[in-house]
Amino acid sequence: MYEKVSNSKKWILEIISISKSDAGGLKEVIASVKGRNIYSSLKYESGVHRVQRVPDTETQGRVHTSAATVAVLPEAEEVDVKIEDKDLRIDVFRSSGPGGQSVNTTDSAVRITHIPTGIVVSQQDEKSQIRNKEKGLKILRSRIYELERKKIDQARSKDRKSKIGTGDRSERIRTYNWPQNRITDHRINLTINKLAEFMEGEIFDEMIENLSLQAQEEKLKNLN
């Protein structure tokens, strides 16, 4: 869905890394999106997305529920987050594929630990250690920026936390019900019976517009 939205808006979507689970699915995907007005739209996607569907292997027609956690972080520039070399521990190792087997003969994979925050980033998609370090530092910088942003937001919202746009990764924000062709955003109690169209990116803007309006109303309430 995000790929189709990116294409329609002429955003550039780049996959930075993909990690597969032992069961053959996806464990983690990290991507970069470049273009205009990106964060203002995608920031509402942070949270838990619940999927209800009938798998092809299900013989009794029972609906199975699964979930994916999405985190949308603004890409921090060096002027936003200053990382000191003394605060980093960088380990290099050989890239590994499924089953743990080595996929190259050089120590090109990089693990970067930011000692003050304990944030750890591993990057092994590139064959070059330099490229893996560059990508790892980019991810690390964004995660540190997000950590600091959350601290500021929490300090400003002591009495009441807005339901919209908080970026809370533990919050169930949306349910995709395939058998009923229905998508529900739980933050604004909006249900649209056009799931197939939504996954094609056709009514994504309608959802974001409703979320944005509700977010503005929440902010006005917090000022009172």
Side-chain angles (χ1 to χ4, degrees), residues 1-9 11 13-33 38-39 41-73 95-103 120-125 139 143 146 161-215 218:
M1 184 263 288
Y2 295 126
E3 181 179 4
K4 295 181 183 298
V5 170
S6 295
N7 289 337
S8 67
K9 294 182 176 293
W11 293 342
L13 177 66
E14 176 190 1
I15 301 298
I16 295 179
S17 68
I18 296 178
S19 300
K20 293 186 177 181
S21 66
D22 295 336
L26 296 176
K27 181 179 180 182
E28 181 184 63
V29 177
I30 299 177
S32 171
V33 185
I38 295 173
Y39 187 68
S41 295
L42 295 184
K43 66 181 180 181
Y44 299 112
E45 298 303 292
S46 287
V48 176
H49 296 244
R50 187 176 66 169
V51 178
Q52 295 176 322
R53 63 189 179 90
V54 179
D56 293 337
T57 55
E58 173 57 59
T59 58
Q60 303 297 322
R62 291 172 295 190
V63 176
H64 290 225
T65 299
S66 57
T69 301
V70 175
V72 179
L73 310 179
S95 299
S96 60
Q101 73 268 27
S102 177
V103 295
V120 179
V121 172
S122 295
Q123 185 64 35
Q124 62 176 13
D125 281 20
I139 297 170
R143 290 183 177 173
E146 177 69 3
K161 193 173 183 181
S162 173
K163 291 168 58 181
I164 308 297
T166 62
D168 186 350
R169 302 185 196 184
S170 64
E171 179 187 11
R172 187 191 69 181
I173 64 168
R174 197 175 293 152
T175 295
Y176 307 78
N177 187 303
W178 284 100
Q180 299 180 23
N181 192 34
R182 184 181 69 215
I183 178 169
T184 300
D185 195 290
H186 303 288
R187 296 164 294 181
I188 53 177
N189 295 320
L190 175 66
T191 296
I192 301 175
N193 293 309
K194 294 181 180 180
L195 177 54
E197 290 86 342
F198 184 84
M199 299 305 294
E200 290 295 320
E202 296 177 8
I203 55 174
F204 180 77
D205 288 341
E206 178 182 340
M207 179 74 76
I208 296 305
E209 183 179 352
N210 280 278
L211 285 163
S212 181
L213 289 172
Q214 184 67 23
E218 292 285 344

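We number each residue from 1, following the sequence as shown.
- Interatomic distance, CD1 of I30 versus CD of E14, reported as 12.0 Å (0.5 Å rounding).
- In this structure, S41 and I208 approach most closely via the heavy-atom pair O-CD1, 3.4 Å.
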- Task: Given side chain to side chain contact (heavy atoms under 4.5 Å, CB included), test D125 with I16 step by step and report yes or no.
- Result: CA-CA 7 Å; D125 281 20; I16 295 179; 5.9 Å; no
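- By the salt bridge (Lys or Arg N to Asp or Glu O under 4.0 Å) test, E58 is found to be paired with R62, residues two or more places apart in sequence or in another chain being considered.
- With rounding to the nearest 0.5 angstrom, the CZ atom of F198 is 12.5 Å from the CG atom of N181.
- Once rounded to the nearest 0.5 Å, the distance linking OG of S66 with OH of Y176 reads 11.5 Å.
- Here the side chain of D185 pairs no donor or acceptor atom with the backbone of R174 at under 3.5 angstrom.
- Screening M199, M207, E197 against I183 for a side chain to side chain contact (heavy atoms under 4.5 Å, CB included) leaves a single residue, M207.
- Note that CG of L26 and OG of S21 are 7.5 Å apart. Values are rounded to the nearest 0.5 Å.
- By the 4.5 Å heavy-atom criterion applied to side chains, H64 and V54 are not counted as neighbours.
- D205 meets the side-chain contact (heavy atoms from CB on, under 4.5 Å) test with K9; sequence neighbours excluded.
- The shortest distance between side-chain heavy atoms of E45 and M1 falls below 4.5 Å.
- Although no hydrogens or angles enter the test, the distance criterion places a donor-acceptor pair under 3.5 Å between the side chain of S46 and the main chain of V72.
- A distance of 5.0 Å separates CZ of R50 from NE2 of H186, quoted to the nearest 0.5 Å.
- The backbone N or O of Y44 lies less than 3.5 Å from a partner atom in the side chain of R187, making a donor-acceptor pair.
- Contact record, V5 with G201: CG2-CA, 3.8 Å, taken as the closest heavy-atom pair.
- Below 30°, between 30° and 60°, or above 60°: for H49 and Y2 the angle between ring planes is above 60°, a perpendicular geometry.
- Atoms OG1 and CD1, from T184 and I173 in turn, are 12.5 Å apart once rounded to the nearest 0.5 Å.
- Side-chain contact between L195 and N177 is absent, with no heavy-atom pair separated by less than 4.5 Å.
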- Message: Applying side chain to side chain contact (heavy atoms under 4.5 Å, CB included) to L190 and Q214, what does each step give before you reach the verdict?
- Response: CA-CA 11 Å; L190 175 66; Q214 184 67 23; over 6 Å; no
- I would like to know whether L73 and R143 meet side chain to side chain contact (heavy atoms under 4.5 Å, CB included); could you show each step before the answer? CA-CA 7 Å; L73 310 179; R143 290 183 177 173; 3.8 Å; yes
- Task: Using the side chain to side chain contact (heavy atoms under 4.5 Å, CB included) rule, take W11 and I38 through it: C-alpha gap first, then chi angles, then the decisive distance, then the call.
- Result: CA-CA 8 Å; W11 293 342; I38 295 173; 3.6 Å; yes
